[in-house]
Amino acid sequence: MADLKLPQLPDRNPVKLNISVMPDLHQALTEYAALYASTYGRDEPVVELIPAMLAAFLDSDRSFTRNRGRG
């Protein structure tokens with residue numbers, strides 16, 4: 001086997017999730033998307049923003065990241 005510097009790439013196949021949210025959360029997400037558009041000058045649908053929002057939330061949760069590998 002070759003000794004490559006580049007490790008094997010992780011699984012990059014997206015997993016589709018279907019969720020239901022309460023109307024007030026939907027409204028907040030819609031308002032966030034509008035603020036995102038006015039900040040960056042680029043409209044992004046809420047469904048495109050949610051994965052990045054969830055990843056940022058998990059990355060910022062120190063307890064989760066500290067305990068994640070302990071499993």
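Hydrogens, waters and symmetry mates play no part in the numbers below; they use all other heavy atoms, side chains included.
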*Asks:* Identify the heavy atoms of Ala33 and Val46 that sit nearest to each other, and give their distance.
*Replies:*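 Taking every non-hydrogen atom into account, CB-CG2, 3.9 Å.
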*Asks:* Can you list everything that forms a side-chain contact (heavy atoms from CB on, under 4.5 Å) with Leu25? Sequence neighbours excluded, please.
*Replies:*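 So Leu25 forms a side-chain contact (heavy atoms from CB on, under 4.5 Å) with Val21, Leu29.
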*Asks:* If every non-hydrogen atom of Asp43 is compared with every non-hydrogen atom of Ala37, which pair is closest and at what distance?
*Replies:*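 Looking at all heavy atoms of both residues, the shortest contact is OD1-CB, 3.0 Å.
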*Asks:* Output the rest of the hydrophobic cluster of Val15: all Ile, Leu, Val, Met, Phe, Trp and Tyr residues reachable through side-chain heavy-atom contacts under 4.5 Å, sorted by chain and number.
*Replies:*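 ILVMFWY cluster around Val15 also holds Leu17.
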*Asks:* Show which residues join Phe64 in its hydrophobic cluster (side-chain heavy-atom contacts under 4.5 Å, direct or indirect), or state none.
*Replies:*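 Reading the cluster by chain and number, Phe64 sits alongside Phe57, Leu58.
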*Asks:* ring-ring contact (aromatic ring centres under 6.0 Å, His included): which pairs involve residues 20-49, sequence neighbours left out?
*Replies:*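 Sorted result for residues 20-49: Tyr36-Tyr40.
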*Asks:* Residues two or more places apart in sequence or in another chain: which of them pass side-chain contact (heavy atoms from CB on, under 4.5 Å) with Pro14?
*Replies:*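 Listed in chain order: nothing, the list is empty.
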*Asks:* What pairs with Arg66 under side-chain contact (heavy atoms from CB on, under 4.5 Å), at least two apart in sequence or on another chain?
*Replies:*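 Arg66 satisfies side-chain contact (heavy atoms from CB on, under 4.5 Å) with Arg62, Ser63, Arg70 once adjacent residues are dropped.
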*Asks:* Which value, rounded to the nearest 0.5 Å, describes the distance between Leu54 atom CG and Leu49 atom CG?
*Replies:*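 CG of Leu49 is found 11.0 Å from CG of Leu54.
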